[in-house]
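Below is one structure, written out as structure tokens, with a few remarks after it.
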Amino acid sequence: MRDLIIDLIKNAIDEAKKKGVIPEVVVEDIELERPRRREHGDLATNIALLVASKTGKSPREVAGAIVGFMDKESRLLTDIEVAGPGFINFRFSPRFTRSVLFEIQRKGADFGRSSVGKNRRVQIEFVSANPVGPLHVGHGRWAAFGDALANVMSHAGYRVEREFYINDYGSQMKKFGRSIYARYMELLGKDVVFPADGYAGEYIREIAKRILSERGESFAGLDEKELVEKIIEMEYPVMLESIKKTLNRMGVSFDVWFSERELYLRGEVEKTLKLLEDKGEAYWRDGALWLRTTTYGDEKDRVLIRSNGEPTYFASDIAYHRDKMERGFDLVINIWGADHHGYVPRMKAAMQAMGYDPSRLEVILGQLVKLYRGGEPVTMSKRTGEIITLDELLDEVGVDASRYFFLQRSSDSHLDFDIDLAKKESPENPVFYVQYAHARISSILRYAKEIGADDSTPTEDDLDLLREEVEIDLIKKLGELEEVVEFCAEKRAPHRLTGYAEDLASLFHGFYRDCRVITDDAALTRARIFAVKGVRQVIRIVLGMLGVSAPDEM
RNA sequence: GCCCCCGUAGCUCAACUGGAUAGAGCAACAGACUUCUAAUCUGUAGGUUGCAGGUUCGAGUCCUGCCGGGGGUGCCA
């Protein structure tokens with residue numbers, strides 16, 4: 001439809017130019033927008049305003065000329081008008097508007113699919129928590145966000161892969177091992193100092209207790225270094241498993257679990273560093289190996305190998321990104337916490353140093369989550385280990401509400417998560433509001449079946465009976481799904497899906513109040529059952545992308 | 001100091017990336033169930049878009065400078 005109208009406008013402009021009604025000027029891409037106000041029609045363009053600004057003619061005059069040359073025979077449109085300062089407004093015919101219901105029936109779960117992604121291969125890497133502790137609430141946000149983004153991008157025609165990068169190597173691991181070691185020794189009554197930078201959470205004590213009960217005191221005989229190593233090897237896979245379990249619980253699954261450790265074992269880190277050195281992008285100074293990131297706009301050069309011989313996290317991350325590039329993705333999206341923002345120019349520079357186009361890497365920086373209970377912020381401290389884990393949140397508010405709430409805000413704004421609201425089973429809670437619309441429709445359809453109402457596919461004439469303003473508005477909303485999908489995918493903004501879901505649910509609830517679906521009029525009943533089925537399908541698709549269930553009864 | 005994000009109704013956020021009269025939800029107030037689910041709906045009220053300039057036909061949106069909140073600025077990850 002959009003393309004059709006754009007062609008219509010283009011042809012009219014060409015024609016007008018030919019006739020000399022408007023001067024020869026370069027016309028940029030024609031954009032159609034959905035006007036905010038109903039009176040402004042279904043689609044509008046500001047092209048006349050843009051053209052006029054280059055010619056000195058009045059915008060309305062230009063708009064009038066363009067409309068004058070437009071082919072108005074189309075049965076899809078009922079009206080083309082010049083309005084306001086020079087907008088051209090288009091109005092769909094009711095038949096065209098209603099035809100979307102047939103399209104939904106035909107496409108089913110594929111309705112709203114778009115091809116803007118052009119089948120490009122995209123990798124989305126998200127969560128990527130260190131396997132040294134349970135996932136916290138912030139991880140939950142990125143799990144929900146990354147997963148929904150992947151869903152919406154694949155609906156928009158990208159080939160998407162989900163990846164989790166496991167930081168199972170290096171100092172975090174050691175810290176993890178030393179922390180457990182210290183708690184274990186404490187349990188044995190040994191006088192050990194807990195590491196100042198150790199993980200203070202209670203779960204570390206639990207692990208130590210479990211080790212004591214499983215292995216007894218025999219471990220204490222080993223020397224510290226050996227023991228810490230052993231603890232790491234035993235416990236990080238356990239932790240990783242529990243992370244996977246939590247993510248599964250949220251309905252998030254990854255295509256690839258990529259291990260940092262294996263990158264080292266395969267010699268990839270070494271190879272990558274050598275490559276950079278050979279290219280002259282890295283150099284030795286003060287006993288350390290530095291990457292010349294300043295060449296590519298970074299503030300200062302960055303260390304790859306410390307003077308103590310240990311590679312930095314940056315070094316393995318570069319090797320990791322090289323691996324991603326070599327895997328041939330057209331686009332790689334990393335979802336990182338906002339505290340990594342200083343890291344972005346560095347990584348981009350590294351990409352260039354390796355000879356890759358840095359635009360193949362996109363980093364989404366996510367802001368923090370603040371929990372509120374009883375109107376008060378819930379205090380959390382990483383230092384004391386007082387955190388609310390993702391599992392605890394899921395226990396308390398449930399998966400659907402958690403996912404929905406995590407997805408309500410754009411990734412670059414802070415998220416205030418109101419626990420009390422998320423738990424409420426009332427219309428204030430948008431999750432239930434949307435799910436209720438779905439359940440209500442299922443209930444209507446059950447009733448229809450029960451009384452044996454005619455639910456066969458209606459004819460176009462049947463559908464002509466759908467002429468209440470609320471029902472037309474509702475059907476129009478269904479037709480917007482494709483562009484919502486495109487917007488969410490292109491802007492990496494899955495949060496807009498929640499707004500769309502709420503708009504749709506609200507229109508449906510209004511429709512339900514004003515229009516009875518099952519009536520004595522068989523044709524009207526067929527039409528309304530069909531319409532309501534379409535609404536249910538779209539709600540299902542949207543909730544599916546959000547990762548929220550669509551219940552048939554509540 | 002420098003860099004990034006944010007600032008819109010009492011609260012939480014939208015505003016289709018420069019368009020027409022800045023919109024929702026919650027909270028407040030007033031109403032609506034003999035009905036296919038009231039977990040719903042209708043109405044009222046609420047604004048100098050942090051401040052000051054600038055750019056143009058047109059600015060919440062772009063530019064400059066302030067103010068406020070958050071984050072970053074390691075041979076940490």
Side-chain angles (χ1 to χ4, degrees), chain A residues 31-37 39-40 44-46 49-50 52-53 58-59 83-87 89 130 132 167 170-172 175 197 285-290 299-300 302-308 310-314 316-317 337-345 365-368 370 372 375 408-418 421 424-433 435-437 439-448 450-451 453 480 483-484 486-487 491 495-496 498-499 502-503 505-506 508-519 525 528-529 532 553-554:
Chain A
E31 285 186 24
L32 285 175
E33 57 170 28
R34 209 166 272 283
R36 278 203 270 259
R37 309 184 65 80
E39 308 90 84
H40 298 145
T45 180
N46 63 349
L49 291 152
L50 297 177
S53 68
S58 97
F87 290 96
N89 297 335
N130 297 332
V132 296
N167 298 129
S171 58
Q172 298 297 312
K175 225 197 272 184
D197 61 348
R285 194 185 73 203
D286 306 332
L289 182 66
W290 299 71
E299 298 168 339
K300 51 177 284 199
R302 308 290 173 173
V303 171
L304 296 167
I305 300 180
R306 303 182 188 108
S307 46
N308 67 8
E310 289 276 315
T312 58
Y313 178 81
F314 186 41
S316 56
D317 220 12
D339 54 342
H340 284 65
H341 117 86
Y343 201 74
V344 179
L365 295 174
Q367 296 291 332
L368 304 172
K370 269 189 217 154
Y372 285 82
Q408 274 194 101
R409 307 281 169 247
S410 102
S411 56
D412 53 18
S413 64
H414 294 262
L415 175 70
D416 290 318
F417 193 117
D418 184 337
L421 177 60
K424 259 187 207 156
E425 298 192 357
S426 64
E428 308 143 51
N429 185 342
V431 190
F432 288 94
Y433 184 81
Q435 288 181 319
Y436 181 53
R440 231 178 189 180
I441 295 171
S442 293
S443 168
I444 294 170
L445 296 176
R446 273 195 303 272
Y447 178 76
E450 212 177 289
I451 65 160
E480 288 175 27
E483 61 195 74
V484 169
E486 288 176 0
F487 181 91
K491 303 296 175 190
H495 71 285
R496 290 282 296 274
T498 62
E502 285 161 43
D503 285 351
S506 166
F508 168 74
H509 289 309
F511 159 83
Y512 178 86
R513 176 205 51 207
D514 292 341
C515 305
R516 244 194 109 77
V517 175
I518 318 282
T519 62
T525 300
R528 287 204 170 138
I529 287 180
V532 138
E553 40 188 308
M554 293 175 74

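Order of the sequence lines fixes the chain letters, A, B, ..., with proteins taken first and strands second; residue numbering starts at 1 for each chain. Any value given below was found using the heavy atoms of this structure, including those in side chains, with hydrogens, waters and symmetry copies removed.
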Discussion item. Students often mix this up, so state it plainly: with edges at 30° and 60°, are the rings of A:F314 and A:Y343 parallel, tilted or perpendicular?
Written reply: perpendicular

Worksheet entry | Interatomic distance, A:N130 atom CG to A:K175 atom NZ [nearest 0.5 angstrom] | 8.5 Å

Quantified in whole Å, what is the [atom1] atom distance between nucleotide [N] and nucleotide [M]?
N      : M      : atom1 : answer
B:rG25 : B:rA45 : P     : 15 Å
B:rA9  : B:rA24 : P     : 15 Å
B:rG10 : B:rG46 : C1'   : 9 Å
B:rC16 : B:rA22 : P     : 14 Å
B:rU73 : B:rU55 : C1'   : 33 Å
B:rU21 : B:rG72 : C1'   : 42 Å
B:rG7  : B:rA14 : C1'   : 15 Å
B:rC57 : B:rG74 : P     : 46 Å

Nearest-neighbour nucleotide for the [X] side chain, [options] considered:
X      : options                : value
A:V303 : B:rA20, B:rC75, B:rU35 : B:rC75
A:I444 : B:rC57, B:rC36, B:rA39 : B:rC36
A:H341 : B:rA39, B:rG71, B:rG74 : B:rG71

May I have the distance from [X] (atom [atom1]) to [N] (atom [atom2]), rounded to whole angstrom?
X      : N      : atom1 : atom2 : value
A:L50  : B:rG19 : CG    : P     : 10 Å
A:H495 : B:rU12 : NE2   : P     : 16 Å
A:K300 : B:rG72 : NZ    : P     : 16 Å
A:W290 : B:rC75 : CH2   : C1'   : 6 Å
A:H340 : B:rC5  : NE2   : P     : 18 Å
A:E553 : B:rC36 : CD    : P     : 16 Å
A:E39  : B:rG23 : CD    : C1'   : 14 Å
A:E310 : B:rA77 : CD    : C1'   : 14 Å

Donor-acceptor under 3.5 Å ([X] side chain, [Y] main chain):
X      : Y      : result
A:R306 : A:N308 : no
A:R528 : A:R516 : yes
A:T312 : A:I305 : no
A:W290 : A:L304 : no

Worksheet item: Does NZ or CZ of A:R440 fall inside the cone over A:F508's six-membered ring, less than 6.0 Å from its centre and within 45° of the axis?
Response: no

Worksheet item: Want to settle it: does A:I518 or A:R285 sit nearer the 5' end of RNA chain B, counting the closest nucleotide to each?
Response: A:I518

Response to the item:
Ranking A:R409 and A:F487 by the position along RNA chain B of their nearest nucleotide, the one closer to 5' is A:R409

Examine [N]: is either OP1 or OP2 under 4.0 Å from a nitrogen or oxygen in the side chain of [X]? Give yes or no.
X      : N      : result
A:R34  : B:rA20 : no
A:Y433 : B:rC26 : no
A:R306 : B:rC76 : yes
A:R496 : B:rA15 : yes
A:K491 : B:rA14 : no
A:R440 : B:rA38 : yes

Give none if [N] has no partner; otherwise give the nucleotide forming a Watson-Crick or G-U wobble pair with it, both distances under 3.5 Å.
N      : answer
B:rU21 : none
B:rA30 : B:rU42
B:rG7  : B:rC67
B:rC62 : B:rG54
B:rG1  : B:rU73

Discussion item. Does B:rU17 count as syn, meaning its glycosidic angle lies within 90° of 0, or as anti?
Written reply: syn

Worksheet item: How would you label the glycosidic angle of B:rC33: syn (within 90° of 0) or anti?
Response: syn

Indicate, with a heavy-atom threshold strictly under 4.0 Å, whether [X] touches base, sugar-phosphate, or nothing.
X      : value
A:P35  : base
A:L49  : base
A:N167 : nothing
A:F314 : nothing
A:A453 : nothing
A:A44  : base

Worksheet entry | Base of B:rC75 paired with side chain of A:S307 (donor-acceptor, under 3.5 Å) | yes

Discussion item. On the side chain of A:D197, is there an atom forming a donor-acceptor pair with the base of B:rA77 - under 3.5 Å, no angle test?
Written reply: no

Worksheet item: With side chains defined as the heavy atoms from C-beta onward, is the minimum distance between A:P59 and A:F87 less than 4.5 Å?
Response: no

Practice prompt. Decide, applying a 5.5 Å centre-distance limit and a 30° plane-angle limit (both strict), whether A:F87 stacks on B:rA20.
Written response: yes

Worksheet item: Would A:H40 pass as stacked on B:rA20, i.e. its ring centre under 5.5 Å from the base's six-membered ring centre and planes under 30° apart?
Response: yes

Worksheet entry | Shortest non-hydrogen contact between A:L49 and A:P85, atoms and distance | CD2-O, 3.7 Å

